[in-house]
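Read through the structure below, which is laid out as structure tokens, and then see the notes.
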Amino acid sequence: MLFLFRRTAVFQLFRRNATSSLRQISVPKGLGYLTIMAPRNFLSMRSNFLFGSRCWMIRFSAEILLKTVSFRLFRVKCGNADRESLENEELLNNLLTMGVDIDMAKKRQPGVFNRTGTKEQDLKMFLLSKGASKEVIASIISRYPRAITRTPESLSERWDLWRRIMTSDLEIINILQRSPESFFRSNNNLNLENNIKFLYSFGLTHKCLCRLLTNAPRTFSNSLDLNKQMIEFLQEVCLSLGHNKPRDFVRKIILKNPFILIQSTKRVKTNIEFLQSTFNLNGEKLLVLLSGPGAKILDLSNDYVNRNYTNIKEKLFFLGCTKEEIHKFILRYPDVIFLGEKKFNDKIDCLIEEKFSISQIIENPRILDSSINTLKNRIKELVNAGYNFSTSNIALLSWSQKRYNAKLKKLNIE
């Protein structure tokens, strides 16, 4: 108790001395900030006392205890700080009134909230004039706060450029609602205009550009040089494989995979090399695959492609398939590469449990597009309707709902 009392006394004395020293500090005028200084280790005290019945002498030094305590030069900024604080408070109030999710916006782009002169009200009026609802506007700003930094003039010019491709304001609003970054990420309208001109000049149709803008709008935010690099690379691939119509080849790939232009040439090249080496394809067969069903997997992560291919191969090997059967299965339907390990394995296991043979499955790979619930429900309904899977085609498990319902109705009538 005596030890605790004495130590408390030392700290109280420390605070009194510190307060006394600080009172002697003068405050410079007209500097726009307050400066406070105090010397290091200005307190050095020693205290001795007796502790316990054995009269042990315990010596301690406040200099040691408080060794790390020091006062250094610091300043408190005045003037502009108050003004910036008020402006940020005004921004927050405006966004809250608009229904913006402030927490989400701060997580995504916190720097926007330190800016002055934001144009959230201008953005709101602009989008309202184009037909966007208040809820859509709030959602756009919540997910891409940087939108409030764009000027009305820049927005109007960019909108007009997009309207060269899209047929209505509503179509653009729908894209912004899904991917606000695609419109607001860049304010380089000259680059956007040059991309549109270049893609048209390459022979892409208005319909194709509309699909690009709808599905992969970042294509138009890319630098013009980046888009040129990818198209030139694909043309070189085409020529190296012995085809003499590189523009047609590239157009087919873009039509099949609108995301191709927003990927790196390194990624696409690695995937092409993977397809060629894994399936031992010659030039003509590789061309057909790349400009056809294989185009869709060219933009996937190389690790993802390799991992999923390895899993498919191991799973089907375990079920008794040969290497040739596995390759035929994947080349017939390359989209199977999109299925992650668990999803692919679970669907195969589900079909095996329902008494389908592995040969039936690899002959009809599109059935793996359906969810497990859809597969189970359709199998049950068809069996109840008297459908015999052992002698009939199982492809209807992957049919559209409309087509499937028509078939099921017909079976029930029969």
Side-chain angles (χ1 to χ4, degrees), residues 252 255-257 271 274-276 278-281 284-300 304-414:
K252 286 179 181 178
L255 282 170
K256 291 283 186 181
N257 187 350
N271 282 334
F274 166 81
L275 291 172
Q276 186 173 27
T278 301
F279 301 103
N280 195 26
L281 301 173
E284 185 178 353
K285 288 183 179 180
L286 185 59
L287 276 169
V288 172
L289 179 65
L290 295 178
S291 59
K296 293 182 180 180
I297 67 171
L298 292 181
D299 66 303
L300 295 178
Y304 187 78
V305 170
N306 275 285
R307 186 167 63 248
N308 289 351
Y309 166 74
T310 300
N311 177 67
I312 292 168
K313 182 178 65 175
E314 290 177 352
K315 182 68 174 178
L316 296 184
F317 265 142
F318 177 77
L319 293 171
C321 294
T322 65
K323 181 178 179 181
E324 291 72 22
E325 288 174 328
I326 295 170
H327 284 183
K328 184 179 178 182
F329 167 71
I330 296 174
L331 291 175
R332 179 177 293 173
Y333 194 56
D335 281 14
V336 73
I337 295 290
F338 281 92
L339 293 177
E341 299 168 66
K342 186 177 187 307
K343 190 171 288 188
F344 177 81
N345 293 343
D346 287 350
K347 288 184 179 183
I348 294 292
D349 291 341
C350 169
L351 292 167
I352 296 295
E353 287 172 5
E354 294 291 345
K355 310 305 180 185
F356 290 94
S357 67
I358 191 61
S359 60
Q360 282 180 299
I361 297 171
I362 63 174
E363 287 296 324
N364 298 275
R366 287 181 180 274
I367 64 174
L368 296 175
D369 281 346
S370 300
S371 69
I372 290 178
N373 284 338
T374 298
L375 289 171
K376 287 184 175 181
N377 289 337
R378 288 189 176 184
I379 291 169
K380 183 178 179 180
E381 290 171 343
L382 290 167
V383 169
N384 290 339
Y387 194 81
N388 189 344
F389 283 108
S390 61
T391 58
S392 304
N393 195 348
I394 69 170
L396 73 171
L397 293 176
S398 63
W399 286 0
S400 68
Q401 192 63 42
K402 182 179 179 180
R403 187 181 177 191
Y404 169 76
N405 287 340
K407 177 66 174 178
L408 185 61
K409 183 178 180 181
K410 185 178 178 181
L411 288 171
N412 285 324
I413 293 174
E414 293 174 354

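Hydrogens, waters and symmetry mates play no part in the numbers below; they use all other heavy atoms, side chains included.
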**Q.** Pairs meeting criterion ring-ring contact (aromatic ring centres under 6.0 Å, His included) with involvement of residues 349-379, two or more places apart
**A.** F356-F389

For [X] and [Y], which heavy atoms make the closest approach, and how far apart are they?
X    : Y    : result
I348 : K315 : CG2-CE, 4.0 Å
E325 : T322 : OE1-N, 2.9 Å
P293 : P334 : CB-CD, 3.7 Å
G340 : Y304 : N-OH, 3.7 Å
K296 : K256 : CG-O, 3.9 Å

Going from [atom1] on [X] to [atom2] on [Y], what distance comes out if it is rounded to the nearest 0.5 angstrom?
X    : Y    : atom1 : atom2 : value
L287 : K252 : CG    : NZ    : 9.5 Å
I362 : L319 : CD1   : CG    : 10.0 Å
K323 : H327 : NZ    : NE2   : 5.5 Å
I367 : K347 : CD1   : NZ    : 10.0 Å
L290 : Q276 : CG    : CD    : 8.5 Å
L351 : S370 : CG    : OG    : 9.0 Å

Q.
Looking at N311 and R307, would you say the former's side chain and the latter's main chain have a donor-acceptor pair under 3.5 Å?
A.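 Absent.
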
Q: Look only at the side chain of Y387 and the backbone of I379, and say whether a donor-acceptor pair between them is shorter than 3.5 Å.
A: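 A pair under 3.5 Å: no.
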
Q: Taking only Lys NZ, Arg NE, NH1 and NH2, and the carboxylate oxygens of Asp or Glu, determine whether K342 and D349 approach each other closer than 4.0 Å.
A: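 Not counted as a salt bridge, because no side-chain N and carboxylate O are separated by less than 4.0 Å.
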
Q) If you measure from the Lys or Arg side-chain nitrogens to the Asp or Glu carboxylate oxygens, is any gap between E363 and R332 under 4.0 Å? A) yes

Q: Could you point out which residue of K402, K407, Q401, R403 forms a side-chain hydrogen bond (donor to acceptor under 3.5 Å, both in side chains) with N405?
A: Q401

Q. Does atom CG of N388 have more than 12 heavy-atom neighbours, drawn from other residues, nucleotides or ligands, at distances under 6.0 Å?
A.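 Yes.
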
Q) Around atom CD of E284, are there more than 12 heavy atoms of other residues, nucleotides or ligands at under 6.0 Å? A) no

Looking at side-chain heavy atoms only, is the closest gap between [X] and [Y] below 4.5 Å?
X    : Y    : result
L316 : I361 : no
L382 : L411 : yes
I330 : T278 : no
I372 : C350 : yes
I312 : F344 : yes
L298 : L275 : yes

Q: Apply side-chain contact (heavy atoms from CB on, under 4.5 Å) to the pair N364 and S398, showing each step before the final yes or no.
A: CA-CA 9 Å; N364 298 275; S398 63; over 6 Å; no

(Q) Restricting to ring-ring contact (aromatic ring centres under 6.0 Å, His included), what partner residues turn up for Y309, sequence neighbours left out? (A)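 Partners of Y309 under the ring-ring contact (aromatic ring centres under 6.0 Å, His included) test: F274, F279.
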
